[in-house]
Amino acid sequence: MSRLDPILEPIMASPKLEQYIELLQHTFSKEREARLQFYNDISEDDKAEFINGEAVFHSPVKMRDSYASGYLYRLLADWTDYKDLGVVFYEKAMIELTRNSYEPDIVFFDSVKAASFDSDQMLYPPPNFVVEVLSPSTEKIDRGIKLEDYAAHGIEEYWIIDPDQEFIEQYVLLDDVYDLRHKLTDGNIAAVAVSGFTFPVRAVFDKEIFKKAKQTLLSQSE
């Protein structure tokens with residue numbers, strides 16, 4: 001931080017500063033222990049995240065949610081592969097940030113970051129691009145702590161997809177916070193963090209448009 005966060009100003013001015021620091025250190029130490037236990041307890045079948053000291057388990061997704069994330073993953077993965085831009089993971093890649101661990105719906109790592117991964121990799125650093133698909137149980141997290149945390153760790157681009165209202169929100173990092181660049185229900189969307197990746201928004205929600213978009217991307221990659 002280049003300047004003191006306003007939320008810290010009353011703490012820094014308090015005569016109880018030392019006690020607050022001790023409390024924070026104790027709390028963070030306990031969270032680290034809980035996080036290690038979380039890693040030991042979860043299985044490959046779990047859709048789980050560690051957020052602010054607590055394990056959060058997610059329920060199975062609706063079919064429309066799965067289609068939306070699946071269509072986007074297939075478009076992004078094909079483009080990334082053909083252009084040799086990096087790697088894309090779907091749902092089960094756990095990214096480890098300073099305090100929290102998340103399993104986003106889709107993540108993209110550029111070729112520089114991907115070059116450091118090995119075949120036994122289980123925890124990943126902050127990616128270049130993250131996508132989350134909203135559900136009633138995750139919306140508060142996706143628009144709250146994740147929006148703040150992803151920006152704080154320099155993730156260049158963040159998309160939120162709403163499969164019920166059928167729109168994509170595109171957030172781009174600007175001065176350490178996310179700027180809502182677009183909220184689209186139609187037309188084309190162009191990724192900032194993935195070179196050349198442009199497609200119709202409706203391809204995420206409509207099978208026939210998805211198939212046409214896939215063919216278009218394939219022809220552009222040749």
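What you are looking at is a predicted structure, and each value in this text was computed from that prediction instead of being measured.
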**Prompt:** Can a donor-acceptor pair be found between the side chains of S135 and T138 at a distance below 3.5 Å?
**Reply:** yes
**Item:** Exercise: do H182 and E169 side chains pair donor with acceptor under 3.5 Å
**Value:** no
**Asked** Does a side-chain N-to-carboxylate-O contact under 4.0 Å join E44 and K92?
**Response** no
**Prompt:** How would you list, by chain and number, every residue that makes a salt bridge (charged side-chain N to carboxylate O under 4.0 Å, His left out) with R202, sequence neighbours excluded?
**Reply:** E166
**Complete:** Residue set satisfying side chain to side chain donor-acceptor pair (under 3.5 Å) with D65, at least two apart, ordered chain then number -> none
**Message:** I'd like to check the side chain to side chain donor-acceptor pair (under 3.5 Å) partners of E139; sequence neighbours left out, ordered by chain and number.
**Reply:** R143
I'd like to know if the side chain of [X] reaches the main chain of [Y], judged simply by a donor and an acceptor atom lying under 3.5 Å from each other, with no hydrogens or angles considered.
X    : Y    : result
Q121 : L123 : yes
T216 : K212 : yes
K47  : E103 : yes
D162 : D164 : yes
D46  : S43  : yes
E156 : N128 : no
H26  : E22  : no
D105 : S69  : no
T80  : L76  : yes

Specify the closest pair of heavy atoms between [X] and [Y], including all atoms of both residues, with the distance to one decimal.
X    : Y    : result
L97  : P126 : CD2-CG, 3.6 Å
D176 : A151 : O-CB, 3.8 Å
P163 : L134 : CD-O, 3.5 Å
R35  : T98  : NH1-O, 3.2 Å
Y39  : S101 : OH-OG, 2.6 Å
I155 : P127 : CG1-O, 3.5 Å

**Request:** Before giving the answer on side chain to side chain contact (heavy atoms under 4.5 Å, CB included), spell out for D186 and V201 the whole-Å C-alpha distance, their side-chain angles and the decisive distance to 0.1 Å.
**Result:** CA-CA 5 Å; D186 210 341; V201 169; 5.8 Å; no
**Request:** Go through Y67 and M63 one step at a time and tell me if the side chain to side chain contact (heavy atoms under 4.5 Å, CB included) criterion holds.
**Result:** CA-CA 6 Å; Y67 277 135; M63 184 169 69; 3.3 Å; yes
[atom1]/[X] to [atom2]/[Y] distance, rounded to the nearest 0.5 angstrom?
X    : Y    : atom1 : atom2 : value
Y171 : Y158 : OH    : OH    : 8.0 Å
H153 : R99  : NE2   : CZ    : 11.0 Å
Q170 : W159 : CD    : CH2   : 6.0 Å
N100 : I145 : CG    : CD1   : 5.5 Å
Q165 : T185 : CD    : OG1   : 10.5 Å
F38  : I51  : CZ    : CD1   : 8.5 Å

Evaluate the side-chain proximity of [Y] to [X]: yes if any heavy-atom separation is below 4.5 Å, no if none is.
X    : Y    : answer
I42  : F57  : yes
I161 : V204 : yes
V61  : V133 : no

**Prompt:** Is it the case that more than 12 heavy atoms not belonging to N52 sit under 6.0 Å from its CG atom?
**Reply:** yes
**CD (E33) with more than 12 external heavy atoms under 6.0 Å** = yes
**Request:** Test side chain to side chain contact (heavy atoms under 4.5 Å, CB included) on Y178 and V172 and set out the steps.
**Result:** CA-CA 5 Å; Y178 280 129; V172 178; 5.8 Å; no
Connected via hydrophobic side-chain network under 4.5 Å: [X] and [Y]:
X    : Y    : answer
F210 : I106 : yes
Y71  : F129 : yes
V131 : V87  : no
L36  : M122 : no
W79  : Y90  : yes

**Item:** Linked hydrophobic residues, L23 as query - side chain contacts closer than 4.5 Å
**Value:** none
**Complete:** Excluding I209, membership of its hydrophobic cluster (Ile, Leu, Val, Met, Phe, Trp, Tyr; side-chain heavy atoms within less than 4.5 Å) reads none
**Request:** For residues F89 and Y124, establish whether the separation of their ring centroids is below 6.0 Å.
**Result:** yes
**Request:** Please find out if less than 6.0 Å separates the ring center of Y150 from that of Y102.
**Result:** yes
Please output the side-chain donor-acceptor pairs of residues 188-199 that fall under 3.5 Å, not counting sequence neighbours, one pair per line with the distance.
none

**Item:** CA sep, side-chain torsions, deciding dist, call: F109, V107, side chain to side chain contact (heavy atoms under 4.5 Å, CB included)
**Value:** CA-CA 7 Å; F109 296 91; V107 293; 3.7 Å; yes
